[in-house]
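Convention: sequence-line order gives letters A, B, ...; per-chain numbering from 1.
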2 protein chains.
Amino acid sequence: MNILPTIGLVDDEPGMLKALQRLLNAEGFRVRAFGSASEFLQRFASETVDCLVLDVSMPGLTGLELQEQLNRAGARLPIVFLTGQGDIPMSVRAIKAGAVNFLTKPVTDADLLAALRAALAEARRFQDENRELAELRKQLDSLTPRELEVLRHVIAGKLNKQIASALGTGEQNIKVHRMRITAKMGLPSVAELVRAAERLGIKPVE
Amino acid sequence: MNILPTIGLVDDEPGMLKALQRLLNAEGFRVRAFGSASEFLQRFASETVDCLVLDVSMPGLTGLELQEQLNRAGARLPIVFLTGQGDIPMSVRAIKAGAVNFLTKPVTDADLLAALRAALAEARRFQDENRELAELRKQLDSLTPRELEVLRHVIAGKLNKQIASALGTGEQNIKVHRMRITAKMGLPSVAELVRAAERLGIKPVE
DNA sequence: CGGGGTATTGAACCTTGGTTCAATGCCCTG
DNA sequence: CAGGGCATTGAACCAAGGTTCAATACCCCG
């Protein structure tokens, strides 16, 4: 998010893009406009945005399909839908898929800005969480496969003796591996390893 | 949920209640009908339901307000909205508040039944989780205040030595307390204590 | 082929946790 | 007051984890 929140606009009507861009610029946001879902997908790697304002009905990929694709990719980008031909089933689907809001044109400036504030707040939460997770993930990736396997036993509460026999090796090895695990992860206690593994999606063995 | 899934209907139109009741009975559900939100609130303690079909616009408390009240009370009852005068903002609000679906009258039997199947599946998930949690909670409540305090240190990864000095007592006490904690909770390893405490909302000390 | 990262193994030592005896003091309730 | 539940304490012992030495073996990459 740097200092200036950046909002991505995806809409196939150039007039709508222009108008929104003017409004949001006046409100102090940085804006990046995309004429279609595929254009966004091509450019969003280089032109990052903090949240999206998305039209539903567009030629090519629809807004809902774009949302789905972003979700599958794990992008977790807050989305505000803004559409002229919305109906209730669409809005239900969008919100269930995690959209921040689902607004219909014409929209008041106040409604749009309120939704964007909510979206940006959510973006900040995501980014904070991602920063923490990225650090943990980096440390996790520095573990060797064997160490990861031992970790999965440790967070299951297994004794070194049990881990050794499960892995077909000796207890001393497990001790060595555990020492390296706690060193690499910077987490000296089993309790913290359990919590970190949970956040990283590491499943305990068994 | 017993054997027969029970569905609560809340609608102010008696004709609608009748029609729905007939449909759902034919599908093998048990049905309990309520003519208003307040009638449901009065009777739902004794006449439990597994999920709710809820009209939005009713005299007195609206469906959305009833949903909000149930949420505040922590009821976690899956809700399918079914309404004649729905609009997009309503549906957004309902889904954000956790509704399973938001359907508009007239509704096809297939749509309603699909929504109810989803709602009942969610109800089962809630009930399973609640059963597990209730067992843990019971064991947790059997801990003395002192043992709970020790537990909060243990799941923070503290050593007995540190816990003792933090609580102004000796290391032997902590060992005794830990022994009783693991016995009462039935969880021999620190790893499992951490996970159980997390689910119960017990915060580690510090 | 040589070297680096990884996995393994043994030994010895210390720290910590877990368990079991037994006993004391406090506080609240019947 | 008597009894029960709770917190505490000491001693002693065993089991388990943590640490540090050192050495061997495997495998892949340059």
Could you tell me whether the side chain of [X] and the main chain of [Y] form a donor-acceptor pair under 3.5 Å?
X      : Y      : answer
A/E47  : A/R43  : no
B/Q67  : B/A94  : yes
B/D111 : B/L103 : no
A/E147 : A/L143 : no
B/R137 : B/N130 : no

message: Checking B/D128 against B/R131 for the salt bridge (charged side-chain N to carboxylate O under 4.0 Å, His left out) test, could you report, in this order, the C-alpha distance in whole Å, the side-chain angles of both residues, the deciding distance, and whether it holds?
response: CA-CA 5 Å; B/D128 286 353; B/R131 249 189 301 278; 3.0 Å; yes

query: Picking from A/I7, A/T6, A/L116, what satisfies side chain to side chain contact (heavy atoms under 4.5 Å, CB included) with A/D50?
result: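 With A/D50 as partner, A/I7, A/T6, A/L116 yield a single side chain to side chain contact (heavy atoms under 4.5 Å, CB included), made by A/T6.
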
field: Letter per nucleotide, 5' to 3', of nucleotides 12-19 of chain C [B base touched, S only sugar-phosphate touched, - untouched; heavy atoms, 4.0 Å]
entry: B---SBBB

Criterion side chain to side chain contact (heavy atoms under 4.5 Å, CB included) on B/V190 and B/R178, from CA distance to verdict: CA-CA 10 Å; B/V190 175; B/R178 283 184 78 147; 3.6 Å; yes

message: Suppose the criterion is side chain to side chain donor-acceptor pair (under 3.5 Å): which pairs have a residue in residues 92-102 of chain A, not counting sequence neighbours?
response: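 For residues 92-102 of chain A, and leaving out neighbouring residues, the side chain to side chain donor-acceptor pair (under 3.5 Å) pairs sorted by first residue read A/E68-A/R93.
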
Span of DNA chain D, from the first to the last nucleotide whose atoms fall under 4.0 Å of chain B heavy atoms: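 From 5' to 3', the first and last contacting nucleotides are D/dC6 to D/dA12.
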
message: How close do A/A37 and A/V10 get, counting heavy atoms only, and between which atoms?
response: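 Between these two residues, the closest heavy atoms are N-CG1, 3.8 Å.
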
- prompt: What ring-ring contact (aromatic ring centres under 6.0 Å, His included) pairs are there with at least one residue in residues 4-38 of chain A, not counting sequence neighbours?
  reply: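 For residues 4-38 of chain A, and leaving out neighbouring residues, the ring-ring contact (aromatic ring centres under 6.0 Å, His included) pairs sorted by first residue read A/F34-A/F40.
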
task: Determine, for A/R152 against A/E149, whether the closest basic-nitrogen to carboxylate-oxygen distance falls under 4.0 angstrom.
output: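 Salt bridge between A/R152 and A/E149, a charged N being under 4.0 Å from a carboxylate O: yes.
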
Atom pairs under 3.5 Å, N or O on each side, protein against nucleotides 28-30 of chain C: can you list them with distances?
none

Distances for protein N/O vs nucleotides 4-7 of chain C N/O pairs under 3.5 angstrom?
from  : atom 1 : to     : atom 2 : distance (Å)
C/dA7 : OP1    : A/T144 : OG1    : 3.1
C/dA7 : OP1    : A/R146 : N      : 3.1
C/dA7 : OP2    : A/T144 : OG1    : 2.5

